[in-house]
Each structure stands twice: as structure tokens, then as C-alpha cells.
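Comments concern the structure below.
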There are 2 protein chains.
Amino acid sequence: MSKQAVSRILAALTAGQPCCAPISERRIPAEVAALLAPAFKALGDPVRLQLMSMIASAPGGEICVCDLTPAFALSGPTISHHLRTLREAGLVEAERRGTWVYYRARPQVMRRLASLLSTEVAAGA
Amino acid sequence: MSKQAVSRILAALTAGQPCCAPISERRIPAEVAALLAPAFKALGDPVRLQLMSMIASAPGGEICVCDLTPAFALSGPTISHHLRTLREAGLVEAERRGTWVYYRARPQVMRRLASLLSTEVAAGA
DNA sequence: GGGCTGTCTTGACATTTCTCGAATCAGAGG
DNA sequence: CCTCTGATTCGAGAAATGTCAAGACAGCCC
């Protein structure tokens with residue numbers, strides 16, 4: 001994915017309130033769908049969903065790659081690839097501190113995705 | 001996807017409260033991730049995300065395939081394939097009435113996915 | 001029954017994705 | 001400077017995905 005595409009996605013995901021009503025309230029335009037789909041796609045792999053959960057639920061709000069990799073029966077490069085996908089989708093951010101790299105979730109983005117999926121609770125239900 | 005897998009996924013997505021805390025609260029196990037990932041994956045394509053939005057926001061709660069297909073520059077079989085993906089992910093359900101087939105969203109499932117992504121709003125934010 | 005319309009399934013092909021090993025990069029420490 | 005460890009990038013191969021054309025199926029109407 002190009003850097004331009006990544007920043008467009010990030011801009012869309014961190015934008016203010018008005019841009020993103022729940023998809024059940026109003027049909028989203030093709031351009032918006034194209035910007036949002038990569039985030040859902042990133043969560044659409046079991047390994048990445050687990051990674052996302054480990055990162056988002058990490059005590060202190062961050063977790064070292066060295067703690068993520070051994071949790072899977074996958075090679076280091078493969079985990080790194082999945083982390084890059086999550087990064088490019090705007091779901092996490094990375095920071096290097098010395099030898100180690102730490103990942104943090106971006107709660108704003110998660111909340112935006114959650115609100116897109118939210119629906120009115122039916123009165124009769 | 002096998003029918004067994006589909007019904008496992010449906011069972012997981014429509015289960016009661018206790019099964020699915022937000023992924024930011026507790027790390028989800030591999031088996032749960034495997035059951036949930038297909039739903040996010042289904043939303044991870046721009047065409048399907050638009051379809052989902054059109055279905056979920058349809059007045060009357062349902063919409064005919066004949067109204068979905070012309071909204072895209074794609075062949076009928078392709079739209080049908082995407083609708084099947086959404087169906088197998090448990091996000092929508094279909095009903096044939098005479099010549100036409102109508103699709104409805106499954107709000108329960110959407111809400112479950114939304115709650116998985118929900119996060120505590122930081123006190124200081 | 002026969003034809004018509006709308007939808008789905010099948011088969012095929014190009015593209016993308018997932019995975020790994022090898023090589024590379026970034027820092028720490030001798 | 002050299003080496004060692006942790007993480008990423010590169011290159012390649014197998015598997016999955018998106019798309020279409022052709023065919024099959026379901027239900028209407030004459």
C-alpha cells in the first residue's frame with residue numbers, strides 16, 4: 001500500500017464526528033467504503049485479530065514485539081508482516097525504544113469502527 | 001466454507017453476553033479469533049461494505065437484490081458472490097419471495113462486532 | 001408446457017494474501 | 001570496530017480471493 005493511501009486512510013479514521021454515521025443509518029458512498037474497508041480487512045485475519053487484542057489489552061497500553069511473536073506458531077517475519085498490516089490500517093502505532101519495538105492501539109480508530117457498526121436497539125426487542 | 005463452519009460462526013456471533021468482552025479488555029483466545037475474524041473479513045471489501053450499508057440502512061429493513069446489483073459496475077454473479085460471503089459471515093440473511101430475493105441485516109451480529117471494538121474512553125481525554 | 005425474468009452456481013483466470021528463509025537494518029555492548 | 005540480538009524488508013511459492021461468462025435453477029405469466 002502506498003504512503004499516500006495510508007495517510008488518506010488515517011485521515012479518514014481519525015477525522016471528526018460528522019464524517020461517519022453508522023452504516024445502518026445511511027448508505028456509505030463508495031469513496032468512504034474504500035477508505036474504511038482496509039481497517040476491517042486488517043481485522044479479518046485470525047492472527048491479526050489476536051495481535052490486535054493482545055496490543056489493545058496490554059497492561060500499560062503497550063506491548064513489545066518480543067512478547068507478541070512467541071505467542072504464535074509463526075515466524076518472526078510473518079508476525080512483522082501482520083503488524084505492518086495493522087499499522088497501515090491505522091489500528092496500531094509502533095515505537096522503537098532501544099533494541100525493542102513497542103506497539104500501542106489507537107483507541108480513537110477502534111471507536112470509530114465500533115460506531116460504524118452500531119445500530120439502534122429495536123424498541124420491541 | 002463448510003456448513004458446519006458457518007453454523008459455528010453464527011452460534012458464536014449470536015451467543016449471549018458472556019462470551020465476548022471487548023478485545024481491549026482481555027486477550028481473545030485463538031479459537032474465538034478464528035470464529036470472529038470471518039465477520040470482519042467480510043466487511044473488509046469495499047463492495048461488501050457498501051452492500052452491508054445498503055442492506056442495513058434499507059427502509060423497511062430489507063432490500064431486493066434487484067436494487068443492489070445496479071448500484072455497482074459489477075456483474076450479477078459477482079454481487080451474488082459478495083452477498084453469499086456476507087451471509088456466511090452471519091451479517092445478513094436472505095429470503096426469497098416469488099421472483100425476488102430480499103436481504104436483511106442481522107443487527108445482533110453487528111452490535112456484537114461493535115462491542116468487540118469498543119474501548120474505554122480515557123479519563124483525561 | 002413454453003418462454004421470460006431474476007438469482008445463484010460453476011468453471012476459469014488474474015490478482016492478492018499468507019507464509020517462510022535469507023538478507024538487511026537498528027541499537028547495545030564488548 | 002566487531003559481534004550479538006531484535007525487528008523489518010526482500011524474494012519466492014502455495015493458497016485464497018475477486019471477477020466474469022456460461023449454465024442452471026426458481027418462480028411468474030401467457
Side-chain angles (χ1 to χ4, degrees), chain A residues 1-3 5-6 9 30 33-34 37-52 54-55 58 62-89 91-104, chain B residues 1-3 5-6 9 30 33-34 37-52 54-55 58 62-89 91-104:
Chain A
M1 193 153 28
S2 77
K3 281 195 177 176
V6 172
I9 290 169
F40 288 114
K41 186 186 220 170
L43 295 174
D45 179 276
V47 173
R48 284 194 297 266
L49 194 52
Q50 281 184 84
L51 284 170
M52 189 69 221
M54 291 176 74
I55 296 169
E62 62 180 19
I63 187 169
C64 175
V65 173
C66 59
D67 290 325
L68 294 171
T69 305
F72 300 85
L74 293 172
S75 70
T78 297
I79 298 298
S80 189
H81 159 71
H82 284 306
L83 289 172
R84 175 210 273 260
T85 302
L86 289 173
R87 237 163 41 224
E88 293 189 341
L91 288 161
V92 302
E93 56 192 359
E95 181 192 351
R96 168 159 230 133
R97 285 208 300 277
T99 306
W100 294 278
V101 175
Y102 293 86
Y103 277 76
R104 264 189 302 278
Chain B
M1 194 151 31
S2 78
K3 280 196 178 176
V6 172
I9 289 169
F40 288 114
K41 185 185 221 171
L43 296 174
D45 179 277
V47 172
R48 285 195 296 267
L49 194 52
Q50 282 184 83
L51 283 169
M52 188 69 221
M54 292 176 73
I55 296 169
E62 62 181 17
I63 188 169
C64 174
V65 173
C66 60
D67 291 325
L68 294 172
T69 304
F72 300 85
L74 293 172
S75 71
T78 297
I79 297 299
S80 188
H81 160 71
H82 284 306
L83 289 172
R84 175 211 272 260
T85 303
L86 289 173
R87 238 162 41 224
E88 292 189 341
L91 288 161
V92 302
E93 56 192 0
E95 182 191 350
R96 169 159 231 134
R97 286 209 300 277
T99 305
W100 293 278
V101 176
Y102 293 85
Y103 278 77
R104 264 188 302 277

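Values below: all heavy atoms of this structure, side chains included; hydrogens, waters and symmetry mates excluded. Below, read A as the first sequence line, B as the second, and so on, with proteins coming before strands; counting in each chain starts at 1.
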Could I get the full list of side chain to side chain contact (heavy atoms under 4.5 Å, CB included) partners for [X], not counting sequence neighbours?
X: A94(A); value: R87(A), V101(A), Y103(A)
X: A39(A); value: L13(A), L113(A)
X: A37(A); value: P46(B), L49(B)
X: C64(B); value: C66(B), D67(B), W100(B), Y102(B)

Legend entry - For chain A, the stretch of DNA chain D it reaches, first to last nucleotide, under 4.0 Å of its heavy atoms: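 The footprint of chain A covers dG6(D) to dT9(D).
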Inset, instruction - Name every residue in residues 39-50 of chain B that has at least one heavy atom under 4.0 Å from any atom of DNA chain D, in order of residue number, or write none if there are no such residues. - result: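 Close to the strand are K41(B), D45(B), R48(B).
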Can you give each donor-acceptor pair under 3.5 Å made by side-chain atoms of residues 71-78 of chain A, sequence neighbours left out, with the distance rounded to 0.1 Å?
unit_1: S75(A); atom_1: OG; unit_2: T78(A); atom_2: N; d: 3.3
unit_1: S75(A); atom_1: OG; unit_2: T78(A); atom_2: OG1; d: 2.9

Inset, instruction - If a pair satisfies salt bridge (Lys or Arg N to Asp or Glu O under 4.0 Å) and one of its residues is in residues 73-83 of chain A, list it, with sequence neighbours excluded. - result: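 Listed once each, the pairs would be none.
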Legend entry - Any H82(A) side-chain nitrogen or oxygen under 4.0 Å from OP1 or OP2 of dT17(C):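 No, outside the criterion.
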Legend entry - side-chain hydrogen bond (donor to acceptor under 3.5 Å, both in side chains) against H81(A), all qualifying residues, sequence neighbours excluded: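 None.
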Legend entry - Of all pairs that satisfy side-chain hydrogen bond (donor to acceptor under 3.5 Å, both in side chains), the ones with a partner from residues 38-51 of chain A, not counting sequence neighbours: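 Output for this query lists R48(A)-H82(A).
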If you restrict it to nitrogen or oxygen atoms, what contacts under 3.5 Å exist between nucleotides 5-9 of chain C and the protein, and what is each distance?
unit_1: dT7(C); atom_1: OP1; unit_2: C66(B); atom_2: N; d: 3.0
unit_1: dC8(C); atom_1: OP1; unit_2: Y103(B); atom_2: OH; d: 3.0
unit_1: dC8(C); atom_1: OP2; unit_2: S80(B); atom_2: OG; d: 3.1
unit_1: dC8(C); atom_1: O5'; unit_2: S80(B); atom_2: OG; d: 3.4
unit_1: dT9(C); atom_1: OP2; unit_2: R84(B); atom_2: NH2; d: 3.3

Inset, instruction - List for me each residue that meets salt bridge (Lys or Arg N to Asp or Glu O under 4.0 Å) alongside R104(A), sequence neighbours excluded, and say none if there are none. - result: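 R104(A): salt bridge (Lys or Arg N to Asp or Glu O under 4.0 Å) contacts with E62(A), E93(A), E95(A).
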Legend entry - Spacing of CD1 belonging to I55(A) relative to CG belonging to L91(A), to within rounding of 0.5 Å: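 Separation between the atoms: 9.0 Å.
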